[in-house]
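Remarks on the structure that follows.
Counting starts at 1 for both ligands and their atoms, in listed order.
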Amino acid sequence: MAGMNNHVLLFCVIALGLFSGQWASASDDIPFMTNVYGREYVLLNGKWSAFTDLYDQGRKMEVYKNRKPQSNEEFYEYSFDGAMRLNVPGDWNSQYPELKYYEGTMWYARHFDAPDCNPFRSHEPGTSAIAGTGRTFLYFGAVSYRCRVYLNGELIVSHEGGFTPFQIEVTGMLKEKDNFLCLEVSNRRTPDAIPAMNFDWWNYGGITRDVMLVSVPEVFVEDYFIRLDKHEPDLVHASVSLSSGLSQDVTIEIPELKVSKTVTAGPDGKADFSFKVKRMQRWAPDDPKLYDVSVCSGADKVCEKIGFRNIAVDGERILVNGVPTFMRSISFHEEIPQRMGRAFSQPDASMLLSEAAALGVNMIRLAHYPQNEYTVRLAEQMGILLWEEIPVWQGIDFDDEGTRAKAQAMLREMIARDKNRCAVGYWGVANETKPSAGRNAFLCSLLETGRQIDTTRLYVAAFDLAYYDKSSGRFEMHDDFTENLDVVAVNKYMGWYHPWPVDPSEAVWDVAAGQPLIISEFGGEALYGQSGPEDQAGSWSEDYQARLYRDNLEMFRHIPNLAGVSPWVLFDFRSPYRFHPANQEGWNRKGLVSDQGQRKKAWYIMRDWYQDRR
Ligand code: GCU
């Protein structure tokens with residue numbers, strides 16, 4: 001069984017790597033299976049035991065072995081029994097008042113019995129579900145920001161990056177009963193991290209998304225990318241990878257389109273398809289058609305709903321299915337403000353997306369990091385295009401090779417998870433970076449990495465470099481990196497961080513001429529319910545924010561290559577560097593909706609403006 005041999009070899013490599021001090025990080029070519037929610041899985045969510053380890057003593061104490069005193073002389077200065085209980089998924093900051101600002105290591109642990117049944121395992125008489133064939137993977141939707149995973153006292157994988165999934169094969173490692181799963185999680189900021197030492201959102205730490213045991217057959221459909229051709233309206237391409245280099249048949253079925261195509265995988269386990277489809281209804285924001293798609297091979301069959309659309313650039317226009325489409329966008333962080341914590345569930349996704357939909361958007365910029373899969377899949381069902389980005393946010397160490405490798409891993413993991421989501425129209429690679437040779441090389445390497453995997457989507461980055469030039473009387477931006485992008489985006493806070501140099505009605509822009517330009521952030525702060533003079537920024541009033549929106553929307557009318565706008569931001573959100581004792585209290589108040597869910601005056605201005613552009 002080639003698969004098993006590969007698996008054993010892989011485990012040995014990991015084990016050796018672990019004990020020699022390096023860890024096999026989840027990005028080291030450990031299989032990444034796509035569409036875990038469409039497979040056989042059990043959730044390991046719920047209450048986990050946990051304790052803080054601010055001085056990182058736990059690894060030295062081997063707390064992950066969960067030792068108990070065996071004699072009167074023995075004692076251990078830790079115990080998971082009787083420890084704090086944390087909800088998983090969830091950030092720790094919002095679960096205990098004393099953890100609000102906690103930045104350090106947290107040890108999590110739980111016990112679990114192996115799944116008592118796995119349909120892929122042939123249960124020879126007398127063998128348990130564990131001893132049969134089939135394979136089992138441990139999957140984490142996200143752990144913020146870095147972690148080591150220990151199973152039954154052994155370190156099995158590490159991962160860095162707080163917003164993308166990772167998995168590790170645990171076939172043959174599970175006991176029938178009482179497995180001990182332990183995570184060492186740290187949200188400590190470091191200069192070589194992504195994001196780095198400061199960022200305008202809360203530094204939530206924890207196992208912030210679903211944890212699962214996923215069961216698959218011995219040879220399974222590991223990965224697939226099924227998409228409409230970049231430009232053709234009826235040509236589907238599919239790339240399927242089996243978990244082992246077996247030349248077995250792979251079949252793709254789309255029953256509603258009467259499609260059933262079979263290709264024999266090559267010795268590398270890969271099968272590529274291209275086929276025309278008659279009468280395909282393409283997914284579009286105003287008609288989000290999704291088809292049931294199955295990918296079958298051997299004992300495995302993976303199903304999900306997939307949409308098919310084209311998205312491309314034509315000069316200064318963005319075309320969706322060949323139709324010039326203005327992006328009516330909004331941004332939100334992955335946060336439920338009323339709960340003061342990370343969003344992670346289907347109901348959370350519904351709350352955030354329904355508030356965005358009420359505004360009349362056809363796009364959302366999921367700021368500033370890949371958000372959870374529930375949000376992405378629900379946006380797709382609702383017909384909302386997505387801009388997904390990795391958290392290359394302002395002050396990243398662009399000259400650090402390790403940082404560049406981390407950014408590439410995050411981009412690969414984001415694309416790996418969501419490449420079959422037709423709602424995702426844009427991959428964002430950076431936010432507000434400053435021109436330098438190091439930055440250009442760093443971002444060019446990201447674009448190269450992304451385009452090696454996916455050439456069907458638009459690559460974008462947001463810049464805060466557009467300035468009013470007194471000599472020319474125009475807003476201009478000079479950053480030669482923008483020519484590498486499909487779409488250029490500008491964050492510009494006229495009336496907030498920048499006073500008006502001219503009347504908004506006379507503002508002339510000459511930025512990224514010849515390319516589509518999206519205003520990816522604009523806005524100003526207002527405390528819900530606070531009234532004040534509409535010409536006084538410091539009033540933090542809804543009236544000032546409303547006036548600011550009217551002025552910016554007036555300026556946007558004169559931007560010749562404007563292809564979309566995305567106000568910053570849908571909801572007030574938490575940020576450690578928003579200090580004003582009355583107006584902020586640790587909240588960034590640029591929301592069109594307050595942290596309690598109340599719509600501010602500017603919300604209605606934006607809703608009406610979008611209404612006129614449907
Ligand atoms: C920047 C940044 C946002 C930030 C915003 C603000 O443009 O991209 O992450 O929250 O400005 O200052 O409110």
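Residue W496 does not touch ligand 1, judged by heavy-atom distances below 4.0 Å. At a 4.0 Å heavy-atom cut-off, ligand 1 does not touch F199 at all. With a heavy-atom cut-off of 4.0 Å, R589 does not touch ligand 1 at all. For N588, every heavy-atom contact with ligand 1 shorter than 4.0 Å involves the side chain, none the backbone.
Against a heavy-atom cut-off of under 4.0 Å, R578 is close to the following atoms of ligand 1: 6 (C), 12 (O), 13 (O). The ligand atoms of ligand 1 that sit less than 4.0 angstrom from a heavy atom of N491 are 7 (O), 8 (O). Close approach of ligand 1 to E432 is summarised as follows: ligand atoms under 4.0 Å from at least one heavy atom of the residue are 1 (C), 2 (C), 7 (O), 8 (O). Near H368, meaning under 4.0 Å from one of its heavy atoms, ligand 1 places the atoms 3 (C), 8 (O), 9 (O). Residue contact check: Y497 has heavy atoms under 4.0 Å from atoms 6 (C), 12 (O), 13 (O) of ligand 1. Distances below 4.0 Å separate heavy atoms of K590 from the following atoms of ligand 1: 6 (C), 12 (O), 13 (O). The F573 neighbourhood of ligand 1 comprises atoms 10 (O), with distances under 4.0 Å to a heavy atom of that residue.
Evaluation of the ring pair (Phe, Tyr, Trp, His ring centres under 6.0 Å) rule for Y544 yields no partner, not counting sequence neighbours.
Using the six-membered ring where Trp is involved, W202 and Y101 have ring planes that are tilted, between 30° and 60° apart. Classification of the W496-W540 ring pair by plane angle, with boundaries at 30° and 60°, yields perpendicular. Between Y549 and F522, the angle of the ring planes lies from 30° to 60°, which puts this pair in the tilted group.
Centroid-to-centroid, the aromatic rings of H368 and W201 come within less than 6.0 Å. Between F140 and F166, the gap from one ring centroid to the other is short of 6.0 Å. No close placement of the Y467 and H478 rings is indicated, their centers lying 6.0 Å or farther apart. Between W587 and H580, the distance from one ring center to the other does not fall under 6.0 angstrom.
What sits closest to atom 4 (C) of ligand 1 on the protein, heavy atoms only, is D200 OD2, 3.2 Å. Given atom 5 (C) of ligand 1, the protein heavy atom at minimum distance is Y493 OH, 3.4 Å. Ranking protein heavy atoms by distance to atom 2 (C) of ligand 1, first place goes to E521 OE1, 3.4 Å.
Taking a 4.0 Å cut-off on heavy atoms, N431 registers as neighbouring ligand 1. Look at W201 and you'll find every heavy atom at least 4.0 Å from all atoms of ligand 1.
Considering both main-chain and side-chain atoms, H333 never comes within under 3.5 Å of ligand 1 through any nitrogen or oxygen pair. Here's the thing with W393: one of its N/O atoms is less than 3.5 angstrom from an N/O atom of ligand 1.
To the nearest 0.5 Å, atoms CZ (R417) and CG (N372) are separated by 7.0 Å. Annotation: the span from N321 atom CG to R309 atom CZ amounts to 8.0 Å, rounded to 0.5 Å.
Within the structure, ring-ring contact (aromatic ring centres under 6.0 Å, His included) pairs that include any residue of residues 396-421 comprise F398-F442 (at least two apart or interchain).
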